[in-house]
2 protein chains.
Amino acid sequence: MIELRQFRQFIAVAEELSFRRAADRLHMAQPPLTVTIKQIEEELGTLLIERTNRIARLTPAGRVFLEECKRTVMQAERAVLAAPFSRHAAPARD
Amino acid sequence: MIELRQFRQFIAVAEELSFRRAADRLHMAQPPLTVTIKQIEEELGTLLIERTNRIARLTPAGRVFLEECKRTVMQAERAVLAAPFSRHAAPARD
DNA sequence: CAATGTTACGATACACGTAATCATA
DNA sequence: TATGATTACGTGTATCGTAACATTG
C-alpha cells in the first residue's frame with residue numbers, strides 16, 4: 001500500500017530530475033531513492049522516469065503522477081493544519 | 001512525519017466510533033490503533049476523540065480532521081489511478 | 001575517468017500481534 | 001463481570017546507510 005513517504009521521495013526526484021540532488025534535498029542517501037521509485041513504478045505498473053545513466057525526463061505518466069502527488073501531499077498538510085485550528089483541547093498527557 | 005497509514009486508521013476509528021470495530025474493518029488488532037491515534041493527537045497537539053472507557057464522540061477538531069483525512073486518502077487513490085491512465089509503457093521488467 | 005545511478009547487504013527502527021492490566025456499563 | 005480500551009513487551013519486516021559495482025558523458 002502506497003504511502004506519503006513514497007510520494008514525497010518521488011516529488012523530490014521528479015522535480016530535481018536527479019537522484020543525487022533529490023537525496024540532498026531529502027537529507028538522505030541516493031540508493032533508497034532508487035528502490036522507492038522502482039517500488040512505485042512496480043505498484044503503478046507504469047514507467048515514470050526515463051533513465052539512461054542520468055535521468056532523461058519524466059514520462060507522460062510521470063508528469064501526471066507528479067501533479068497528483070503534489071496535490072496529495074498538500075492535502076495531507078492541509079489536514080494536519082486544519083484540525084488544530086478548530087480548537088478544542090490539548091490531548092491528555094496521561 | 002504523518003503517513004497515509006495513520007490517516008486510514010483514524011478514518012476507520014472515527015467512522016466506527018469504536019476501536020474494536022475499526023480493528024475488525026482494518027483486519028488488525030485493537031492495540032496498535034490506540035497507539036496510532038495517540039501518535040496523531042500528539043503530532044497535531046489536539047485531542048481528536050473524547051474517550052471514557054468506550055469512545056464517546058469526535059471533538060470538533062476530530063470532525064474536521066476526519067473530513068480532511070478522507071479527502072487526502074481519496075486524492076492519494078486518484079494519484080495512483082491517474083498515472084497509468086496517461087499510458088506510456090510498462091516498467092522495465094528485466 | 002569523473003559523476004551518476006544501481007545492486008547488495010547489514011543494522012536499526014517501527015508497526016504489528018499477544019498477553020496482561022485497567023476501566024465502566 | 002463482561003466488554004472494550006490501554007499499557008507492556010517481544011518479533012518480524014522495511015527503511016535506511018555503507019560499500020561495491022555498473023554505466024555513460
### Message
Does D:dT6 have its OP1 or OP2 closer than 4.0 Å to a side-chain nitrogen or oxygen of B:R51?
### Response
yes
### Task
Find the distance A:R5:CZ to D:dC16:C1' and express it as a whole number of Å.
9 Å
### Query
Quick one, which residues of residues 20-39 of chain A touch DNA chain C with a heavy atom under 4.0 Å?
A:R20, A:P31, A:T34, A:K38
### Pairs flagged by salt bridge (charged side-chain N to carboxylate O under 4.0 Å, His left out) wherever residues 6-15 of chain B is involved - sequence neighbours left out
A:E3-B:R8, B:E15-B:R25, B:E15-B:K70
### Task
Please report, rounded to the nearest Å, how far the C1' atom of D:dA5 is from the CG atom of B:L17.
14 Å
### Task
Nearest whole angstrom, please: distance from the C1' of D:dA14 to the CD1 of A:I2.
15 Å
### Task
May I have all residue pairs that pass ring pair (Phe, Tyr, Trp, His ring centres under 6.0 Å) and include part of residues 51-80 of chain B, sequence neighbours excluded?
B:F7-B:F65, B:F10-B:F65
## Note on the structure
For A:T34, the side-chain hydrogen bond (donor to acceptor under 3.5 Å, both in side chains) test, sequence neighbours excluded, returns none
### Contacts of A:R5 that satisfy side-chain hydrogen bond (donor to acceptor under 3.5 Å, both in side chains) - sequence neighbours left out
none
### Query
Heavy atoms under 4.0 Å, any strand shown: does B:Q9 hit a base, just sugar-phosphate, or nothing?
sugar-phosphate
### Message
Output the rounded distance in Å from CG (B:N53) to P (D:dT3).
### Response
13 Å
### Task
Rounded off to whole Å, could you give me the CD-to-P distance for the A:E3 and D:dC16 pair?
12 Å
### Query
Which residue pairs pass the salt bridge (charged side-chain N to carboxylate O under 4.0 Å, His left out) test when at least one of the two sits in residues 71-86 of chain A, sequence neighbours left out?
A:E68-A:R71
### Task
State which residues pass side-chain contact (heavy atoms from CB on, under 4.5 Å) with B:A29; sequence neighbours excluded, sorted by chain then number.
B:P31, B:P32
### Summary
Per-helix bend value, the helix from C:dC1-D:dG25 to C:dA25-D:dT1, C1' rotation axes over five pairs per end, 10° rounding, shows 30°
### Message
List the residues meeting side-chain contact (heavy atoms from CB on, under 4.5 Å) with B:A23, not counting sequence neighbours, and say none if there are none.
### Response
B:Q30, B:L33
### Summary
With sequence neighbours left out, the residues meeting side-chain contact (heavy atoms from CB on, under 4.5 Å) with B:L81 are none
### Task
On DNA chain C, reading 5' to 3', which nucleotide is the first and which the last to sit with an atom under 4.0 Å from a heavy atom of chain B, could you check?
C:dA15 to C:dA25
### Message
Would you say that B:I37 contacts B:V13 through its side chain, given a criterion of any heavy-atom pair below 4.5 Å between the two side chains?
### Response
yes
### Query
Can A:T36 and A:Q9 be counted as having a side-chain donor-acceptor contact under 3.5 angstrom?
yes
### Query
Can you name the residues that form a side-chain hydrogen bond (donor to acceptor under 3.5 Å, both in side chains) with B:E43, not counting sequence neighbours?
none
